[in-house]
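See below for the structure under consideration.
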Amino acid sequence: MDDPPPLERERRAKLERRRAAGEEPYPWSFPGRALSGEVRRACQALSAGQDERSRAWRVAGRLTTIREHGKTAFADLEDADGSLQLLLRSDLLGEDAYRARLAELDPGDIVGAEGWAAVSKRGEPSLAVSGVTLLAKAIAPPPEKFHGLQDPEQRLRRRYLDLLASPERRRLFRARAALMSEIRRFLDGEGFLEVETSTLLPVASGAAAAPFVTHSNYLDADLQLRISLELPLKRLLVGGLERVYELGKTFRNEDLDSTHSPEFTELEVYWAYADYHDMRGLVERLFARLADRTDALFPDVAEVRAAAGRFRPPFATVDFVEELERRSGIPDLLGKDRDALRRLARAAGSTVPENSSTGTFLDKLFEKYVEPTFDRLTFVVDHPEATTPLAKRHRSKPGRVERFEIFVPGFELGNAYTELNDPEEQERRFRAQLGDRGDDRYAYDDDFVRALRHGLPPTTGVGFGVDRLLMALTGTPSIKEVILFPLIRSSAPPREGGTRS
RNA sequence: GGGCCCGUAGCUUAGCCCGGUAGAGCAGGCGGCUCUUAACCGCAAGAUCAGGGGUUCGAAUCCCCUCGGGCCCGCCA
């Protein structure tokens, strides 16, 4: 076995001294605990140098810093509610107890403290401590107290250290949870039913992306992790559920970069007897709610409020074809065949494969000429039919589908259609795309076509990348910063250490 | 897949160009201090310079390989 790191030896010795004194260094509970905010509020009635001994408080949390001044010491205790200064004095604790306690406490320790509300002479709300209980000894030291954990690799690999060193990071992940709850509250209030569909499937479908493959021992069959929620949810509307949504993990076996994660959280919403105009209204109401909630969560952070402000009207709207023709100077895009579009995409600098579909080349052109021009939240509407096998053809614009995509500067947030519900048309589109692409990446889902034959009501649906939505709302530039444990290569195995005796 | 950059004590880092005993701050140890809040002052300790190989009298520093990470580009309807 390895020797304990020298820096941990002292902390371990302190732990053993506690045990030798008959005290449990990892006790089971600390009853009667108040949050730090309650004590801070109790301090508001006091002026500097005053205390209030009629009420005893018990608080618990992690010690972040300890400042010793001979017969007085200050320590900061952090809990879910914030930070509270502990005021330790030799005349309150008794000289021996004071010395003994300070000798055994380290930054990073989890402690319980009891005492009374007091405001220091310098005006800091505090707890004047009459007793301290060790609740969990930190054998390993915390990150540096001022700079925190800076190494980006360690921040991802050991997220618990990143979180314990950074109240801001903790706040971001609390905000993530609060915004997810807000999404659920909003959709529940609109009469949508939250459902959970399968993650493991015989064939992942509903998008063109490489799946993760795993194996069922029981079935003796390979299974794939889902790449989209779309087709199972539409089946539920065939089944009569009418309004459903799912909020869950989706997996794509592709690269990780600032806006892509192989494992990400998706929201998809399907709404029978409504079209994409209705969906746009629903999305705009959801945005208003999320913007309000974000403002409430970060009232003091101007950057976040500015980012959340993008989710309030007026929103920009551009027609896919008109905007692409205008920005690129290319006329009559819908009249071009695949070869012509391929040449145009090449000329624009795209290196997508030769056998890519007509839709892919159009998307690439849009990506090159139009996407970089977005300076606000923008709805892109009415895409060419070739880009979209699952959307219904436009009721008045030939060659188009009823679709909108939502962009913020830098990336796509969401995608909505009036859903294609004609089974024969669906089958034709699937086959057209297969033939067009000449590759097998798009899994043909014949059971989905069979389900459509039983009748899918007129329906609209939308899908959101929830991690990206959180990035855009909070102004966070990297998807890794809104995912607690992003995928990362496992670190190299430790070297053999067999020569130690 | 291509390019650029990074890895020094538990943490934050200096040193690398231009080769010559690896320097600090925080945390930890010892001592001092009754109002600090990145507390302060003094003393002592703490380093596989990511790993391996090469060049050299001498490598944290120059070269090559490997590992890990970051950013950009490509790909991901």
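Across B:rC26, B:rU37, B:rC35, the shortest atom-to-atom separation from the side chain of A:Asp76 is found for B:rU37.
In this structure, CD of A:Glu104 is placed 18 Å from C1' of B:rA27, rounded to the nearest angstrom. The distance between atom OH of A:Tyr98 and atom P of B:rC33, rounded to the nearest whole Å, is 10 Å. Distance, A:Glu153 CD to B:rC71 P: 12 Å, rounded to whole Å.
A:Asp255 comes within contact range of at least one nucleobase, with a heavy-atom separation under 4.0 Å. Among the atoms of the strands shown, only primed sugar atoms or phosphate atoms (P, OP1, OP2) are found under 4.0 Å from some heavy atom of A:Ser350. Among the protein residues, A:Glu68 comes within range of the nucleic acid bases, having at least one heavy atom under 4.0 Å from a base atom. A:Gly108 comes within 4.0 angstrom of nothing in the nucleic acid, heavy atoms only. A:Asp257 comes within contact range of at least one nucleobase, with a heavy-atom separation under 4.0 Å. When heavy atoms are screened at a 4.0 angstrom cut-off, A:Gln150 is found touching the sugar-phosphate backbone but no base atom. Note on A:Leu156: only backbone sugar-phosphate atoms sit closer than 4.0 angstrom, heavy atoms only; bases stay farther off. Across all strands shown, A:Leu161 has no heavy atoms under 4.0 Å from either base or sugar-phosphate atoms.
Below 30°, between 30° and 60°, or above 60°: for A:Tyr276 and A:His394 the angle between ring planes is above 60°, a perpendicular geometry.
Not counting sequence neighbours, the partners of A:Glu427 by the side-chain contact (heavy atoms from CB on, under 4.5 Å) test are A:Arg431, A:Tyr444, A:Val449. A:Gln50 meets the side-chain contact (heavy atoms from CB on, under 4.5 Å) test with A:Leu46, A:Ser47; sequence neighbours excluded.
Distance check: A:Arg393 CZ to A:Leu420 CG gives 9.5 Å after rounding to the nearest 0.5 Å.
The shortest distance between the side-chain N/O atoms of A:Thr351 and the OP1/OP2 oxygens of B:rC75 is below 4.0 Å. Contact annotation: A:Lys121 does not reach the phosphate of B:rU37 (side-chain N/O to OP1 or OP2, under 4.0 Å).
Counting distance only, with no hydrogens placed and no angle test, the side-chain atoms of A:His260 and the base atoms of B:rC76 include a donor-acceptor pair under 3.5 Å.
Between B:rA38 and B:rU12, the distance separating the two C1' atoms is 12 Å to the nearest Å.
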